[in-house]
J.: 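Dropping a structure here in structure tokens format, bear with me for questions.
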Amino acid sequence: MSTDAPTTDNSTDLAAAEIAWDLEPLLNGQTGDALLDASEELISSVESYRGRIGDIDAAGLAELMHLVAKLQELQGRAAYYAMLRFSENTLDPERGAAMMKIQERATPLATRLVFLELEWAAVPDAHADSLLADPQLDFCAHYLRGIRKYRPHLLTEDEEKVLTEKSVAGAGAWVRLFDEQTSSIEVRIPGALAGSDDDEAVVGIEHGLSLLQHPDREVRRTAAEAVTAGLAPGLRTRGYIFNTLLLDKRVDDGLRNYPSWISSRNLDNEASDESVQALVDAVKGRYDLPQRWYALKAKVLGIDRLADYDRSASVAADETEIGWAEARDTVLASYASFSPELADVARRFFDENWIDAPVRPGKRPGAFCAYTVPEHHPYVLLNWTGRTRDVATLAHELGHGLHAMLAREQGIFHQTTPLTLAETASVFGETVTSSALLDQLDDPGARFALLAGSLEDSIATVFRQVAMNRFEDAVHSARRNDGELSVDRFGELWIDTQSEMLGDSVELTEGYSTWWSYIPHFIGTPGYVYAYAYGQLLALSVYARYQARGDEFVPAYLELLRAGGSRSPQELGRIVDCDLEDPGFWDAGLNIVEAQLDAAAEAAEAAGRG
Ligand SMILES: [Zn+2]
């Protein structure tokens, strides 16, 4: 690759080459170590409360919690700075070491605060309730209630200390090894597919997977085979890491008396086991929707039956490239059509360098938004490749960023929502963007392409994630009942749970059986994936209410975002008129997916492609 070739404005714009974030203000003019020094001083003050939490009054508790907030802000700045710098280049050993150093310092500091949670959890219910009723504690009341929900699962202070300290060299280290393994996966594709004159080009897995959107089936098949080949080295290592973490979770759940592998995640999410099961059942009950979509898609693509590598295929006749400036304008205009106030906040992400966009070697794959701390602002990481999909991803991550910005006023204890609500603003923003784009289009072919995009997002987010949840359920159960799993067994369970969703509509090739082995959620955040389905269906229901009520709905929506995580999901849902405990709640979102499917089929027909 030549680095001194002249770049034109156009190619710079297409690659978003100059769109980089500015992390330095996060450190507030200090170093990570200085921030941790300052937090350590505050910890000494907090420790003077040891043994006194049982007798504390509301004013004393408020004072204590303000101290904790301050020290968490300081630690958060140091930790996010190190993490975000590492994300820029995960292959740079200096960045990895710097991040590890901060973690190694921060963890023992955190263990010195363990007494606080334990003493607070030991306070009798009636006394805790009367304290939390005091308005002085509004800024942390929901958080403090949240700690008490773990009461039945907490161990003694000494045991908790040992577990926390050992976790850095235990589960935490395995997760990082997995990240490093997947970041260095090499996919060998024909040079022409990577814009190279050489016969072969070596690209990362993200690049390989992005070729599955290519309109040419032969390219997709080649790319899929290359990804499968790229997944082969290290497969046993990644399988071993997965096995180890499955065991670690079983041990943890056993020590803490959780009834099932998913219970601790549900408790984190403040969702009852029953409501999550109702979601999974509702989605499984509509597996006909993805099957109908893939059958339609096969027709549109002129293929008898899709293979696994066809599912992401672009249905647009011509894959146009989108420049950064155009993408920015499109997304900002969409947000403005819904709420000028939100668009103004979104504009700051572009104007004030809060986004890191271009693809770089060693950069963390995918996209994310980091909330950082309430006194600062969030950052968005993308791997911008100039595709239509990337515009949706940009709108999505900005939705997270807007949620973070509006909820900043809640402070550090209440800024973030549980996982199940964490996707609400992102999916909503993505849907508004798609819908605004649709309004501008007359051509049935272009309308179909756009509808297909929204629909595929819904299918990937709702159905694919529930199928992945079924895979997780299967491997956690198998590890608990049958012991260590071979990579073949992982593969079987992967294929079983995918086929259940896809029925006869998609042929799964043999190579596909290892494609579970690069997905970070299974490793770093077990049980996470159903939250995507939860969040997507919730967001679609919220969007349906906006469709029905128009502008008068906007204030309630903004109130929801501003509320952050200051209340339970049920209470937050009520702000926008959603009852999350109603088992029939999920049907409204699923019906929207069905309506998208009907509209897509109609547009395909009109375009002469159905
Ligand atoms: Zn998201």
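Values below: all heavy atoms of this structure, side chains included; hydrogens, waters and symmetry mates excluded. Ligands are counted one by one from 1 in listed order, and the atoms in each one are counted from 1 as well.
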J.: Can you name the residues that form a side-chain contact (heavy atoms from CB on, under 4.5 Å) with A600, not counting sequence neighbours?
T.: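 A600: side-chain contact (heavy atoms from CB on, under 4.5 Å) contacts with W293, F448, L451, L455.
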J.: Restricting to N, O or S atoms of H400, which is nearest to the Zn ion (ligand 1)?
T.: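 Restricting H400 to its N, O and S atoms, the minimum distance to the Zn ion (ligand 1) goes to NE2.
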J.: By atom name, which N, O or S atom belonging to H396 lies closest to the Zn ion (ligand 1)?
T.: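 Per the distance ranking, H396 contributes NE2 as its closest N/O/S atom to the Zn ion (ligand 1).
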J.: Taking C-beta and beyond as the side chain, do F522 and Y528 meet within less than 4.5 Å on heavy atoms?
T.: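 The answer is no; the side chains never approach within 4.5 Å.
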J.: Can we call the ring centroids of Y379 and F349 under 6.0 Å apart?
T.: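 Between F349 and Y379, which both carry aromatic rings, the centre distance is not below 6.0 Å.
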J.: Could you list the residues that satisfy side-chain contact (heavy atoms from CB on, under 4.5 Å) with D582, not counting sequence neighbours?
T.: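 D582: side-chain contact (heavy atoms from CB on, under 4.5 Å) contacts with D579, F585.
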J.: Is it true that some N/O/S atom of E423, main chain or side chain, lies under 2.8 Å from the Zn ion (ligand 1)?
T.: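 Yes - counting backbone and side chain alike, E423 has an N, O or S atom under 2.8 Å.
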